[in-house]
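Structure record follows, encoded as structure tokens.
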Amino acid sequence: MSALANGKKWRAGVLGATGMVGQRLVKLLADHPWFTLTEVAASERSSGKRYAEAVRWHLEGPVPEVARGLVVKELEPNLDCDFLFSALDSSVAGPAEEEYARRGYPVVSNSRNHRQDPDVPLLIPEVNAAHLNAIPVQQKNHGYDSGFIVTNPNCSTAGLVVVLKPLADAFGLEKVFVVTLQAISGAGYPGVPALDIQGNVVPFISGEEEKMEAEPQKLLGKWDGNRFIEAGLGISAHCNRVPVVDGHLECVSLRLKKTATLDEVREALRSYQVSDQLASLPTALKHPVVVLDEPDRPQPRKDVNAGHGMAAVVGRIRECPLFDVKLTLLSHNLVRGAAGAALLNAELLAAQGFLKSRNQARAQSVEPVSR
Ligand code: NAP
């Protein structure tokens with residue numbers, strides 16, 4: 001379904017490979033069944049060095065063998081790969097991703113720059129796979145040949161929307177009130193200074209509340225063939241940085257359109273499952289929402305790696321005196337909220353025939369000489 005015709009793996013490049021998200025991608029790609037890492041790129045601070053020397057490795061275990069010896073490139077026009085993951089800092093991601101799309105590369109981005117573009121899918125495969133139908137429109141609008149951009153949401157939005165989706169399907173959603181407690185790895189490296197966050201809570205993350213209030217509208221909305229129609233939810237978000245390494249915890253209150261008992265809400269979340277086709281993607285979970293019954297869960301240290309970091313973990317489902325129901329959810333900001341999300345997006349693109357080998361794409365883009 002997803003391999004190249006010759007049975008080889010797709011060749012993947014990672015832009016921003018030395019950063020927090022880039023490292024996760026490098027690690028996840030190291031033993032991926034469909035993709036192989038062939039290029040790593042970052043800033044001039046890292047370029048020209050072997051990856052193992054350039055990267056300040058934050059993950060468990062050594063730098064993967066496949067990446068160690070790769071020479072880190074700058075954002076050069078031609079990279080030896082079929083498609084690109086972008087984990088670039090948002091100060092450079094916007095024009096760089098467009099330029100690679102123009103050059104024929106599918107770009108699977110983590111950055112915020114193109115999430116709200118009117119023809120760019122903001123994708124969570126379990127939620128809105130049909131938004132991939134915007135790609136041909138994007139290619140036409142921009143004159144892209146085989147290239148395009150697909151993005152994944154902000155790290156705190158990702159877990160929230162995976163949980164909202166089954167509730168929207170079962171009962172309809174009217175209002176969402178959410179307070180986040182976000183991990184420091186969400187700020188990249190070096191991120192928040194230790195003196196600001198140690199033993200402290202910082203009740204401000206620049207731009208985060210705006211993203212959390214806007215992105216679910218697109219994700220839970222529809223692509224009508226020409227444009228995205230927003231979901232029209234009422235959302236209010238408060239975002240806080242807390243001294244946790246990985247995992248964003250979110251306290252959520254919901255107003256539903258249809259009346260539902262707490263047991264029905266619990267059951268809608270617990271029984272939520274994706275199609276067999278989606279579940280067959282290597283990074284997908286059949287049940288992307290995990291419901292815990294213990295009164296003091298989920299907790300970042302105990303639950304952040306549920307489902308290899310791809311699960312949204314929900315607990316404390318109870319009545320809300322102001323809205324209808326309230327709950328607590330947790331998701332891994334660097335996996336479900338970034339690298340794992342991008343990987344799953346790329347797997348869906350491969351499975352649906354949106355990736356082409358660069359040789360094949362170039363061959364198709366050459367104008368016939370004879371008439
Ligand atoms: P990060 O740790 O600061 O890494 C940024 C990466 O961008 C590094 O590889 C850096 O290379 C590279 N870079 C910076 N300036 C560059 C330039 N001028 N040219 C080429 N490369 C450049 O950030 P991060 O947390 O991994 O985030 C990466 C992207 O994903 C951001 O857009 C962020 O908003 C988004 N995101 C992050 C999370 C999260 O939880 N951290 C979640 C979702 C989305 P050097 O090492 O050479 O400087």
Side-chain angles (χ1 to χ4, degrees), residues 13-28 39-59 63 67 70-77 79 84-97 99-100 107-116 122-124 149-161 180-192 205-208 210-212 215 239 241-242 244-249 300 304 309-310 330-345:
V14 178
L15 310 175
T18 48
M20 295 299 287
V21 176
Q23 293 181 31
R24 285 272 167 184
L25 275 163
V26 165
K27 182 157 179 155
L28 291 169
E39 291 276 25
V40 283
S43 78
E44 60 185 13
R45 291 181 287 277
S46 311
S47 62
K49 299 178 189 159
R50 301 266 169 209
Y51 183 74
E53 294 152 20
V55 73
R56 191 184 183 100
W57 191 248
H58 291 284
L59 304 178
V63 176
L70 289 177
V71 175
V72 180
K73 305 246 175 98
E74 286 189 55
L75 301 181
E76 295 170 11
L79 294 172
L84 289 163
F85 290 101
S86 170
L88 287 171
D89 189 84
S90 58
S91 60
V92 287
E97 291 172 0
E99 184 54 27
Y100 281 112
V107 179
V108 184
S109 174
N110 284 276
S111 303
R112 67 175 150 84
N113 308 62
H114 293 292
R115 286 184 193 144
Q116 295 294 354
L122 175 61
L123 184 68
I124 299 179
I149 301 170
V150 165
T151 61
N152 50 253
N154 159 266
C155 45
S156 46
T157 303
L160 175 67
V161 171
T180 69
L181 296 87
Q182 298 184 218
I184 45 179
S185 62
Y189 188 83
V192 192
I205 303 174
S206 180
E208 195 79 354
E210 291 81 354
K211 285 183 252 180
M212 281 199 87
E215 292 179 14
C239 296
R241 189 73 74 193
V242 298
V244 162
V245 176
D246 291 324
H248 291 350
L249 197 78
V304 74
M310 286 300 283
L330 172 77
S331 66
H332 198 309
N333 53 296
L334 287 168
V335 184
R336 175 85 256 182
L343 203 56
L344 186 57
N345 284 355

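Whatever order the structure lists ligands and atoms in, that order sets their numbers, starting from 1.
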_Check: S46 side chain, A54 main-chain N or O, donor-acceptor pair, under 3.5 Å_ = no
_Residue S90 vicinity, atoms of ligand 1 by number, heavy atom under 4.0 Å_ = 32 (O)
*May I ask you to list the atoms of ligand 1 that are less than 4.0 angstrom from any heavy atom of L334?*
39 (C), 40 (O), 41 (N)
_Approximate separation, where rounding is to 0.5 Å, of T18 OG1 and R45 CZ_ = 8.0 Å
*asked:* Return the closest protein heavy atom for atom 16 (C) of ligand 1 as residue, atom name and distance.
replied: S43 CB, 3.5 Å
*Taking atom CD of E44 as the centre, does the number of heavy atoms from other residues, nucleotides or ligands within less than 6.0 Å exceed 12?*
no
_Nearest non-hydrogen partners of P300 and D246, listed with the distance_ = CB-O, 3.9 Å
*May I ask you to list the atoms of ligand 1 that are less than 4.0 angstrom from any heavy atom of R45?*
14 (C), 15 (N), 48 (O)
*For atom 12 (C) of ligand 1, which protein heavy atom lies nearest, and how many Å away is it?*
G16 CA, 4.1 Å
*So how far is it from I205 CD1 to R241 CZ, rounded to the nearest 0.5 Å?*
4.0 Å
*Is there a heavy atom of V92 sitting under 4.0 angstrom from any atom of ligand 1?*
yes
*Which is it for N333 and ligand 1 at heavy atoms under 4.0 Å: side chain, backbone, both or neither?*
both
*Could you grab the distance from atom CG of L344 to atom CG of L28, nearest 0.5 Å is fine?*
11.5 Å
*Write down the atom of Y100, the atom of E76, and the distance for their closest heavy-atom approach.*
OH-O, 2.5 Å
*Just go through V14, L15, N110, T151 and tell me whose heavy atom is the nearest to atom 35 (C) of ligand 1.*
N110
*Please work out whether any backbone atom (N, CA, C, O) or any side-chain heavy atom from C-beta onward of A96 is under 4.0 Å from ligand 1, and answer side chain, backbone, both or neither.*
neither
*Look up atom CG in N152 and atom CG in N110, then write down how far apart they are to the nearest 0.5 Å.*
4.5 Å
*Which residue holds the protein heavy atom closest to atom 6 (C) of ligand 1, what is that atom called, and what is the gap in Å?*
A87 O, 3.6 Å
*Tell me which one of N113, D89, L25, T157 gets a heavy atom nearest to atom 14 (C) of ligand 1.*
D89
_Backbone of G94 reached by a side-chain donor or acceptor of H114 within 3.5 Å_ = yes
*Kindly confirm or rule out an N or O of C155 lying under 3.5 angstrom from an N or O of ligand 1.*
no
*Among T18, L75, V72, which one has a heavy atom closest to atom 46 (O) of ligand 1?*
T18
*What protein heavy atom sits nearest atom 24 (P) of ligand 1, and how far away is it?*
V21 CG2, 3.8 Å
*Do the side chain of S185 and the main chain of V245 share a donor and acceptor less than 3.5 angstrom apart?*
yes
_Under-4.0 Å protein heavy-atom contact, atom 21 (N) of ligand 1_ = yes
*Heteroatom distance test (Y189, ligand 1): nitrogen or oxygen, under 3.5 angstrom*: yes
*asked:* Once rounded to the nearest 0.5 Å, what's the spacing between atom SG of C155 and atom NE2 of H248?
replied: 3.5 Å
*Just checking, is any N or O donor in the side chain of R115 or T151 under 3.5 Å from an acceptor N or O on the other one?*
no
*CE/M212 to CG/L160 distance, rounded to the nearest 0.5 angstrom?*
4.5 Å
*Kindly state if atom 33 (C) of ligand 1 has a protein heavy atom within a strict 4.0 Å cut-off, that is, under 4.0 Å?*
no
*Which of the atoms of ligand 1 are close to S46, meaning less than 4.0 Å from one of its heavy atoms?*
45 (P), 46 (O), 47 (O)
*Check each of V107, N113, L15, V21 against L88 using the side-chain contact (heavy atoms from CB on, under 4.5 Å) test, and report the only one that passes.*
L15
_Give me the residue, atom name and distance of the protein heavy atom closest to atom 2 (O) of ligand 1._
M20 N, 2.9 Å
*Report the nearest protein non-hydrogen atom to atom 31 (C) of ligand 1: residue, atom name, distance rounded to 0.1 Å.*
L88 O, 3.3 Å
*If you count the atoms of ligand 1 from 1 in the order shown, which ones are under 4.0 Å from a heavy atom of S185?*
39 (C), 40 (O), 41 (N)
*By number and element, which atoms of ligand 1 are closer than 4.0 Å to a non-hydrogen atom of G337?*
42 (C), 43 (C)
_Quick check on contacts: which atoms of ligand 1 are under 4.0 angstrom from a heavy atom of A338?_
42 (C), 43 (C)
*Compute whether any side-chain donor of one residue and acceptor of the other, for Q182 and N333, lie under 3.5 angstrom apart.*
no
*For atom 25 (O) of ligand 1, grab the closest protein heavy atom and report residue, atom and distance to one decimal in Å.*
G188 CA, 3.1 Å
*Can you tell me the protein heavy atom closest to atom 4 (O) of ligand 1 and the distance?*
G19 CA, 3.2 Å
